[in-house]
2 protein chains.
Amino acid sequence: MQSKEKNNNEIIILGVDPGTTIMGFGLIKVKKNNMEFMLMDELLLSKYDSHALRLKKIFERTLQLIDTYHPDEMALEAPFFGKNVQSMLKLGRAQGVAMAAGLYREVAITEYLPKKIKMAVTGSGNASKEQVAKMLKSMLGITIPKNLDSTDGLAAAVCHFYNRKNISHGKSYSGWGAFVKQNKGRVK
Amino acid sequence: MQSKEKNNNEIIILGVDPGTTIMGFGLIKVKKNNMEFMLMDELLLSKYDSHALRLKKIFERTLQLIDTYHPDEMALEAPFFGKNVQSMLKLGRAQGVAMAAGLYREVAITEYLPKKIKMAVTGSGNASKEQVAKMLKSMLGITIPKNLDSTDGLAAAVCHFYNRKNISHGKSYSGWGAFVKQNKGRVK
């Protein structure tokens, strides 16, 4: 387990924004309350015809990210409203398979609404993708990517960095059991 | 792999009906075009406060069923309409984690609408749970359980038995890759 080799004060956060056509994801390392950029990318799903194949790709990539970088915590961008019931069912499935990977590996998951993520990163819940990307550039020194979808996952990780102190009250926790115990009613 | 020890003409079908408060599941064995009842049960989720913990239980139980009984194919009861977007998002997540287990283990998944399942089992798309249970009793010799939710998973498996001939045109397929190839556009 890489987590055992890590410094106790070092936390890795995986942020994911799973959608039905694209999944953005990013990783940050938190050392002594400072964020350090690790990586950011996107998984293009629109090239796969089948919805089920897209779900498989989301699950596999999330699992691969967990098994490669051993994040301690996972932040999920999760809208709670959408255009119609069918699109929400599909979005729910995309979120479900990404969550399954985290749940399977016992990585604590916290959900954030898109507005909350924008607020945490830029100070405004109505910020544009460009504003979020610019803020991430100045915070973490990233090069702004062509496709801004990949910054959504990173933004979720950054949002979690700012909010996790409120969750854990300064304590670190690990494993899903401990997370559920400590955050009863938080993740519904 | 148990599948290698199995007779080529023997197929095991896992049927699941994942919901946010209960998951019904059932297994049938198909030998020379005859169904044989294996098991039927339900996973009670309402006792868990957290939505995330429920998702974890659905994923783990589905994975456990696959690893114990090595089904060749999986049938999913999947409504496509619901009361509101929030309940559909939650239902989508429940379906997503169950599907993730099947996708992870490369078990071919086919979705069926509730009406289609009722139609396949009873001949009427508007049949009651009681009528479905009675039909399953006469087909498979099951004892009707107290809680009829567990028959929903079994009914999905039976529905797949009747419909899989149409899918595979008499050929058997195994593995997700082959399934996607042969059923392009079928699972959306």
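Chain A is the first sequence line, chain B the second, and so forth, proteins listed ahead of strands; every chain is numbered from 1.
Between the CG atom of A:L89 and the CG atom of B:L89 there is a distance of 9.0 Å, given to the nearest 0.5 Å. Once rounded to the nearest 0.5 Å, the distance linking CD1 of B:I109 with CG of A:L55 reads 8.5 Å. The line from CZ of A:R93 to CE of B:M99 is 4.5 Å long, rounded to the nearest 0.5 Å. A distance of 11.0 Å separates NZ in B:K57 from CG in A:L103, rounded to the nearest 0.5 Å. B:K56 contributes atom NZ, which lies 4.0 Å from atom CD of A:E106 (distance to the nearest 0.5 angstrom).
Ring geometry for A:F59 against B:F59 counts as tilted: the plane angle lies between 30° and 60°, on a 0 to 90° scale.
Per-residue counts of heavy-atom pairs under 4.5 Å with chain B were compared for A:A101, A:A98, A:G92, A:A100; the largest is that of A:G92.
The side chain to side chain contact (heavy atoms under 4.5 Å, CB included) with B:M88 is formed by just one residue from the set A:N84, A:L91, A:V85; it is A:V85.
The same ILVMFWY cluster, assembled from side-chain heavy atoms under 4.5 Å apart, contains both B:V16 and B:I66. A:L140 and A:M119 fall into different hydrophobic clusters, where Ile, Leu, Val, Met, Phe, Trp and Tyr are joined by side-chain heavy atoms under 4.5 Å apart, directly or via other members. In terms of hydrophobic clustering, with Ile, Leu, Val, Met, Phe, Trp and Tyr side chains grouped at heavy-atom distances under 4.5 Å, B:L154 and B:L148 are assigned to different clusters. The hydrophobic clustering, which links ILVMFWY residues whose side-chain heavy atoms are closer than 4.5 Å, places B:M40 and B:I144 apart. Linking ILVMFWY residues whenever their side-chain heavy atoms come closer than 4.5 Å, directly or via other members, places B:V107 and B:L39 in the same cluster.
The 12-atom threshold is not exceeded at NZ of A:K137, counting heavy atoms of other residues, nucleotides or ligands nearer than 6.0 Å.
Comment: B:E111 does not engage A:K90 in a salt bridge, judged by the lack of any side-chain N to carboxylate O separation of less than 4.0 angstrom.
Using a 4.5 Å cut-off between heavy atoms, A:L63 touches chain B through its side chain atoms alone.
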